[in-house]
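Data block below; observations after.
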Amino acid sequence: MIVQVSPDGRGTRAMTQEQHEATTYDVEALQEKWRPVWERIDPFKAGLLGGAEKRYALTMFPYPSGDLHMGHAEVMALHDVLARYWWQKGYDVLNPIGWDSFGLPAENAAIKRNEHPAQYTYANIETQAESFRRYGVSFDWSTRLHTSDPEYYRWTQWLFLKFREWGLAYRKNSPVNWCPNDQTVLANEQVLADGTCERCGAVVTKKELTQWYFKITDYAQRLLDGIDQLEGNWPDRVVASQRNWIGRSEGAHVDFVMRLASGEERTVTVFTTRPDTLAGATFMVVAADAALAAEVVAPAQAGVLEAYVEETRKASDIDRLATDRPKTGVDLGITATNPLTGEQIPVWAADYVLADYGTGAIMAVPAHDQRDREFAEKFDLPIVPVYDDSEDAPPYDKAAAVAEAIAKLEAAGTGQGTVNYRLRDWLLSRQRFWGAPIPIIHCETCGEVPVPESELPVRLPDDVKGEELKPKGSSPLAAIESWANVECPQCGGPAKRDSDTMDTFVDSSWYFLRYVSPHLDTAPFDVEALKQWGPVDQYVGGVEHAVLHLLYSRFFTYVLHDKGYLEFEEPFTRLMSQGVVINQGKKMSKSLGNGVNLGEQLDEFGVDAVRLTLVFAGPPEDNIDWADVSPAGSVRFLQRALRLATDVTSAPGVDAAEGDVALRRVTHKTLHEVEGLMESYRFNVVVARTMELVNATRKTIDSGAGAADPAVREAVEAVAILLSLVAPYTAEEMWERLGRNPQLDTTVARAGWPAIDEALLVDDTVTAVVQVKGKVRARLEVPPSISEGDLEALALAAVDLGGEVPKKVIVRAPKLVNIVV
RNA sequence: GCGCUCGUAGUCCAACGGUAGAGACAGCGGCUUUAGGUGCCGUCCAGUGUGGGUUCGAAUCCCACCGAGCGCACCA
């Protein structure tokens, strides 16, 4: 059933009932009608409005796993509201799209189906691209990139080599997180708080391996300081997460001299945030699994330590999660000197001290630290208070005491003030196939040799499939001899390629820079173009990347800034983290059987209604419970809006100034208010205001000035433009029915934001509220320009104070008077 | 334990420190309709989690508590 426009263009009022019913719109037909038109006129190319102020709108690029789902639909709907608004406001908008197309699922699928990961990947990309086009997102398709294209990962490799050149990428042997299921190492950021793999949920273990790292710790302070300028522009919880993750803590390094069983002395530095309590340090604790413990242990205790380490290693993954676990540890059989008191204190090893935080050793102050106290009580170690911290004691000025203690340590040469971070370097090697190969060649003679720039990219072999991709504890690439064996670029001797690939977060740490010049083949990005387009003005994406992707991208941007490639330090000026779509109070999942299929929703209600529902459901950052919203209600609203366009009988270009003033006021006020709402992301309220305008227009047509009134045309055109942000198909159809797009060669999406007439934003009269002691007693209709004195006089005359004398009168002309008696 | 966010009609949500209700869902009643799961009109429902404080005036600002969600966590 196709929407009918009455042949004489006079609208539905003249129609019979049957004809009226026929105006029920067929969403499928609308979509099929307009999509080809948009594809033909390509209205969203960046640079179309060269010279206008730029806006860079970015949405986190998708991973190509199957088709789009409700989550994608939500982000894209929210993101597109803003991008389309910017177009309407006359900005030159860059709204790019690409795919984060390296990653494990494609590799696992390839093993299962006996094919190459590229097959699965690129097939899914095509499916998703088609869905995005149907969904009507205002992307500039000419920007399209895929991180798994050699043209892209060539530059990922190039950047890796640059980072190495700059001393920001290095290789070290260290215990790393190992996912036994995915058969690869993981970054700290990819291990969840419960010790499981962020991807697959398997319990992560530790493994000693030589791996590549990015030296993100060099940027810990910069990344922390930069957060200040994001505050207010990024969601609080993301800001808080990043601060937590970087985990700055101030304190001091204090040197303790250990006396080993051999009589040898060894200086061990500890980190403490409480150097003021040094006098109460009655023992030391070394992380049991740190090399230091084994090095200093007295021979008599070595066996006990070894057994303890073995035991804790077994239990660690499950038990470390329990914070109320009883303290365990072993005496190392040696002592150290407390540098302040000169006392000999025992040295223990325990698993409550972490090998990779601080220096892996602590001074224990049981009187003022809960954990140390538990340990001391269990093993009967002395507890010596440094100050009285009981309730009725005089307050203890901790900050001053700490500062004083640091000064003393520095004077004595036994320590100094320092800052410690929780952040660790970023482990980027992965023992998997479907990623950017690390462009390093290992030569027996020359060692690590970078692949010469002219030989980039180091391509993945494209003739392997299925079983050959199976992880074997080392990268599948290592087993492909024709690929792995090469000549050393330096000495020409036999050498092997580094067979690991890069964490896919490396790919996504710079893609937003590539978008300004996606086809450039002489550099990763066009420095000049980025001066024009960068940084991203608005980034929209899931809060699951609060730390990972957003921290890594910030790191890359800081580095590239420092090296002169970028003018800006922070990549994403504003960030919006949308909520998730849930159903019946729970996360959608197969096991719960509460999944909502996006395709089915689109088939049933249409693209516009689904988009409208998602935008209208609530504030963007709130979760949307699909059981609480009504796509059917959205369909009804869109029908009402569309019918308005059919009803309009005046000709395009008619002078609105001749029209009904009451409706004109609603129109102009709505447009004005929407501008403010857009600025603060209140997209749900934008929809509500549009609904009000539709309702007001309906009333004017049916029981007011009538369909021929020029103000009605003005209002309906405004509705079409407002709806073009959320419901592009319906808006476009309205525009055509309004006679504004007769050749089907333009789009309402680029019609431009209507000029707002300031004079129409003020009413003839406003309602002034008269309060007595804050309670409403009367309402007055007054001109908006009324003076405070006049309003006060009117107010005093309007209420009966029962003989009481006004003590004070607060006047806020023209809206309010409060009389205090 | 530390930190962040949020508690408003049956539900989802609005309300520059100034009339608690904009919009919607569900319900109810009418009109339209052969009928209705369409359309139109009307209507019920909260005093803002609790207790203090600031203010002429608090849903809004401050403090405490209760509840929910999230981040970090034997991090020294």
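From a predicted model like this one, the values you see are computed outputs, not experimental measurements.
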Under 4.0 angstrom, heavy atoms only, what part of the nucleic acid is A/Arg248 near: base, sugar-phosphate, or nothing?
nothing
Distance-only side-chain donor-acceptor flag, A/Ser249 / A/Asn420, under 3.5 Å:
no
Output yes when at least one side-chain N/O atom of A/Tyr357 is less than 4.0 Å from OP1 or OP2 of B/A76, else no.
yes
Figure out the OH/C1' separation between A/Tyr421 and B/A73, and round it to whole Å.
19 Å
Determine whether more than 12 heavy atoms belonging to other residues, nucleotides or ligands lie under 6.0 Å from atom NZ of A/Lys398.
no
Would you say the side-chain atoms of A/Asp351 pair up with the backbone N or O of A/Thr312, donor to acceptor, closer than 3.5 Å?
no
If each of A/Ser241 and A/Ala361 is mapped to the nucleotide of RNA chain B with the nearest heavy atom, which maps nearer the 5' terminus, i.e. the 5' end?
A/Ser241
By nearest nucleotide on RNA chain B, pick out whichever of A/Trp245 and A/Met363 is the more 5' one.
A/Trp245
Regarding A/Phe637, tell me which of base, sugar-phosphate or nothing describes its non-hydrogen contacts under 4.0 Å with the strands shown.
nothing
Describe the nucleic acid contact of A/Asp622 in one word from base, sugar-phosphate, nothing, applying a heavy-atom distance below 4.0 Å.
sugar-phosphate
Remember a base hit wins even if backbone is also touched, and classify A/Asn695 as base, sugar-phosphate or nothing at under 4.0 Å, heavy atoms.
sugar-phosphate
Does B/A14 have OP1 or OP2 under 4.0 Å away from a side-chain N or O of A/Asn684?
yes
Classify the side-chain pair A/Trp234/A/Gln242 by whether it contains a donor and acceptor separated by less than 3.5 Å.
no
Regarding A/Pro235, tell me which of base, sugar-phosphate or nothing describes its non-hydrogen contacts under 4.0 Å with the strands shown.
nothing
Rounded to whole Å, the CD-P distance (A/Glu673 to B/C16) equals 9 Å
Base B/C74 paired with A/Lys327 side chain (donor-acceptor, <3.5 Å):
yes
Once you round it to whole Å, what is the distance between P of B/A22 and CZ of A/Phe616?
14 Å
Sugar-phosphate, base or nothing in reach of A/Thr690, heavy atoms under 4.0 Å
nothing
When the distance from CD1 of A/Ile227 to C1' of B/G3 is rounded to whole Å, what number comes out?
13 Å
Any donor and acceptor pair, going by atom type alone, linking the side chain of A/Arg373 with main-chain N or O of A/Ala367 inside 3.5 Å?
yes
Roughly how many Å apart are B/U48 and B/C61, using the C1' atom of each and rounding to a whole number?
16 Å
Go through B/G39, B/C4, B/A76 for me and flag the one nearest to the A/Thr272 side chain.
B/A76
Pick the P atom in B/C65 and in B/G47, then give their distance to the nearest Å.
26 Å
Provide the distance between the two P atoms, one in B/G53 and one in B/U60, to the nearest whole Å.
14 Å
Distance between the P atoms of B/C44 and B/C28, in whole angstroms?
16 Å
Measuring only the P atom in each nucleotide, how far is B/G42 from B/A22? A whole number of Å is fine.
14 Å
Rounding to an integer number of Å, can you tell me how far A/Glu679 CD sits from B/C16 C1'?
16 Å
From CG of A/Leu796 over to C1' of B/C56, roughly how many Å is that when rounded to an integer?
14 Å
For B/G18, take OP1 and OP2 only and decide whether either is under 4.0 Å from a side-chain N or O of A/Lys815.
no
Answer yes if the side chains of A/Tyr396 and A/Asp276 hold a donor-acceptor pair under 3.5 Å, and no otherwise.
yes
Suppose we call a contact any N or O donor and acceptor under 3.5 Å apart; does that hold for the side chain of A/Asn818 and the base of B/G57?
no
Would you kindly give the CD-to-P distance between A/Glu621 and B/G69, to the nearest whole Å?
18 Å
Evaluate whether atom NZ of A/Lys378 has more than 12 neighbouring non-hydrogen atoms of other residues, nucleotides or ligands under 6.0 angstrom away.
yes
Is the closest side-chain heavy-atom distance between A/Leu409 and A/Val254 below 4.5 Å?
yes
Indicate, with a heavy-atom threshold strictly under 4.0 Å, whether A/Val629 touches base, sugar-phosphate, or nothing.
nothing
Rounding to an integer number of angstrom, what distance separates B/C13 and B/C45 when you compare their C1' atoms?
15 Å
For A/Phe375, give me all partners under ring-ring contact (aromatic ring centres under 6.0 Å, His included), at least two apart in sequence or on another chain.
A/Phe283, A/Trp348, A/Tyr352, A/Phe379
Which of the following nucleotides, B/G23, B/C40, B/A22, is nearest to the side chain of A/Arg689?
B/A22
How would you label the glycosidic angle of B/G47: syn (within 90° of 0) or anti?
syn
If you check every side-chain atom of A/Val776, which of B/A76, B/U38, B/A20 has the closest atom?
B/A20
Considering only heavy atoms and no angle criterion, is a donor-acceptor pair shorter than 3.5 Å present between the side chain of A/Arg237 and the base of B/G71?
no
Of B/C56, B/C13, B/U38, the nucleotide closest to the side chain of A/Ile810 is B/C56
Does the B/G18 base have a donor-acceptor partner in the side chain of A/Gln771 within less than 3.5 Å?
yes
Using Watson-Crick or G-U wobble pairs with both distances under 3.5 Å, give me RNA chain B in dot-bracket, 5' to 3', with [ ] for crossers and | for pairs to another strand.
(((((((..((((....[..).))).(((((.......))))).....(((((..]....))))))))))))....
Using whole Å, what does the distance between atom C1' of nucleotide B/C16 and atom CG of A/Leu677 come to?
12 Å
So A/Tyr357 and A/Phe271, would you call those rings parallel, tilted or perpendicular, with 30° and 60° as cut-offs?
perpendicular
Inter-nucleotide C1' distance (B/U11, B/A26), Å rounded
7 Å
Please find the pair of heavy atoms, one from A/Pro631 and one from A/Trp626, that lie closest to each other, and give the distance.
CG-CZ2, 3.9 Å
Can you figure out which of B/G39, B/C4, B/A76 approaches the side chain of A/Asp236 most closely?
B/C4
At under 4.0 Å between heavy atoms, what does A/Asp628 touch on the DNA or RNA strands: base, sugar-phosphate, or nothing?
sugar-phosphate
Return the nearest nucleotide to the side chain of A/Val685; candidates are B/G23, B/U38, B/A22.
B/A22
For B/G29 versus B/G36, give the span between their P atoms, rounded off to a whole number of Å.
13 Å
Between B/C4 and A/Arg243, is there an OP1 or OP2 to side-chain N/O distance shorter than 4.0 Å?
no
